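Let me begin by presenting the structure, written as structure tokens, before commenting on it.
Bear in mind the structure is a predicted one, so any value in this text is a computation, not a measurement. Numbers restart at 1 for each chain; the letters A, B, ... are given by sequence-line order, proteins then strands.
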Number of protein chains: 2
Amino acid sequence: MQNMNQQAEIFTNLILELFRLNGVLLAVGDRLTGPAGLSSARWQVLGVVEHGPISVAHVARTMGLTRQTVRQTAEGLFKDGFIVYADNPHHRRSRLMELTPKARAALDYVAQRQAQWASAVVANHDLASLNETFNTLYQLRQTLETYEETNADETQSSESDG
Amino acid sequence: MQNMNQQAEIFTNLILELFRLNGVLLAVGDRLTGPAGLSSARWQVLGVVEHGPISVAHVARTMGLTRQTVRQTAEGLFKDGFIVYADNPHHRRSRLMELTPKARAALDYVAQRQAQWASAVVANHDLASLNETFNTLYQLRQTLETYEETNADETQSSESDG
DNA sequence: TTTAGATTGACAGTAACCTGTCATAATAGT
DNA sequence: ACTATTATGACAGGTTACTGTCAATCTAAA
């Protein structure tokens, strides 16, 4: 099958390009948020807390990250005065994160910078291509996640190791 | 400009999708390479060394990573017997990494698994969409990198902070 | 030849993700 | 009410990326 080699090559190129783009986007995020005392990771967490008081575990689920990762980010946000913890009426240990005025100001600042940046960047691309790209990537992720769920057991079961 | 808001939204969605896809791909890479004693990062480095003896700094430039990051990965690869260091006739300190038979076997194993995986995944997508997506992402990265080079100075100069 | 600059490997430290483990707290089942 | 399970925060440790700094080395210029 000649076509399969071609597909595999295009697919590999696509993956490598995704990695590079990911790196660039993280750098951009840090540049946009840095002057406000934030980072890409902190910004994303605050973006969830912005919608209302919420626990660390809940944010983790929302963002698709682990509890521990969000906890670490939250620790830094608290230490730097971007969030406070409020008592949770439904759970004694699991307190709720809330934005401080400092965080509100930082988010407003970053939002303005991000909009400015997005406008400038997007001006060079047409709507249809971006939308189509989004759709393809979304479908690709669905395929990958389905495939992983189906085949992960067959080769990754390291339960007999311990 | 009504169109600008729409573009900004699609753009934001695209970025979030890129982050998610990146996470999934890293997980897949680790799953495919794990049984061979490798990881996504190690696999990529070995993929460069595979083409011939090469220094750490050269691999870093090839991959678009920092010298120090590749050095750390190389350290692990050496410790686990995947590479050896050969003298560099052109530079006394900068030795050249070379694959060991163990690495050769691991790469062959991973290549087979990766091809199998890629075939299965790609079967659900058509060549044209993947290719078009690659092109859009490539162009987008070019735009981003150009924009960063042009505007990075204006807001990121934190020299007056210290 | 000697000096100035760039490159390189090494080392230290940081950020952001991960897993594993533990005690505590909430919830479901009996 | 009691027990088993689940959810949560805390802590330890590992991976992969980054920056900064240093001495050694190579290269180019004077």
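Under a cut-off of 6.0 angstrom, the local environment of CG in Asn124(B) is crowded, with over 12 non-hydrogen atoms contributed by other residues, nucleotides or ligands. Residue Asp87(A) qualifies as open at atom CG: its count of foreign heavy atoms under 6.0 Å is 12 or below.
Residues satisfying the side chain to side chain contact (heavy atoms under 4.5 Å, CB included) criterion with Arg20(A), sequence neighbours excluded, are Leu16(A), Glu17(A), Arg141(B).
You'll find the side chain of Ile83(B) stays beyond 4.5 Å of the side chain of Glu98(B), heavy atoms only. Between Asn13(A) and Asn131(B), every side-chain heavy-atom pair lies at or beyond the 4.5 Å cut-off. In this structure the side chain of Phe19(A) reaches within 4.5 angstrom of the side chain of Gln44(B), judged on heavy atoms. Residues Leu65(A) and Val45(A) are not in side-chain contact: their nearest non-hydrogen atoms beyond the backbone lie 4.5 Å or more apart.
When heavy atoms are screened at a 4.0 angstrom cut-off, Ser94(A) is found touching the sugar-phosphate backbone but no base atom. Contact annotation for Arg42(B): no contact, since no heavy-atom pair falls under 4.0 Å across all strands. Nucleic acid contact class of Ser40(A) (heavy atoms, under 4.0 Å, all strands): none.
For the residue pair Ser39(A) and Asp30(A), no side-chain donor N or O sits within less than 3.5 Å of a side-chain acceptor on the partner. Using modelled atom types, one finds a donor on one side chain and an acceptor on the other under 3.5 Å when comparing Thr66(B) with Thr69(B).
Residues from residues 13-29 of chain A with heavy atoms under 4.0 angstrom of DNA chain C: there are none. Near DNA chain C, defined here as any heavy-atom distance below 4.0 Å, the residues from residues 68-83 of chain A are Gln68(A), Thr69(A), Gln72(A), listed numerically. Of all the residues in residues 84-93 of chain B, His90(B), His91(B), Arg92(B), Arg93(B) reach under 4.0 Å from DNA chain D with at least one non-hydrogen atom. Residues from residues 44-59 of chain A that place a heavy atom under 4.0 Å from any atom of DNA chain C: there are none.
Tyr138(A) and Leu144(A) are members of different hydrophobic clusters when ILVMFWY side chains are connected at heavy-atom separations under 4.5 Å. By the rule that hydrophobic residues join a cluster once side-chain heavy atoms approach within less than 4.5 Å of another member, Leu25(B) and Ile15(B) end up as members of one cluster. Follow the hydrophobic side-chain contacts under 4.5 Å out from Leu96(A) and you never reach Val48(A); the two are in separate clusters.
In this structure, CZ of Arg95(A) is placed 13 Å from P of dA26(C), rounded to the nearest angstrom. In this structure, Leu96(B) atom CG and dT7(C) atom C1' are separated by 15 Å, rounded to whole Å.
Taking every nucleotide of DNA chain D with any atom under 4.0 Å from a non-hydrogen atom of chain A, the first and last of them, 5' to 3', are dT8(D) to dC11(D).
Taking the six-membered ring for Trp, Trp43(A) and Phe82(A) have ring centres at least 6.0 Å apart.
Between Arg67(A) and Ala41(A), the residue anchored closer to the 5' end of DNA chain C is Ala41(A), taking for each the nucleotide with the nearest heavy atom.
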Next item on the list: Please step through side chain to side chain donor-acceptor pair (under 3.5 Å) for the pair Thr143(A) and His125(B), ending with a clear verdict.
Entry: CA-CA 9 Å; Thr143(A) 303; His125(B) 301 266; 2.9 Å; yes
Next item on the list: Walk me through it: do Glu75(B) and Lys79(B) pass the test salt bridge (charged side-chain N to carboxylate O under 4.0 Å, His left out)?
Entry: CA-CA 6 Å; Glu75(B) 201 173 60; Lys79(B) 189 172 64 65; over 6 Å; no
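Across every non-hydrogen atom of Gly37(A) and Arg42(A), the tightest pair is O-NH1, 3.3 Å.
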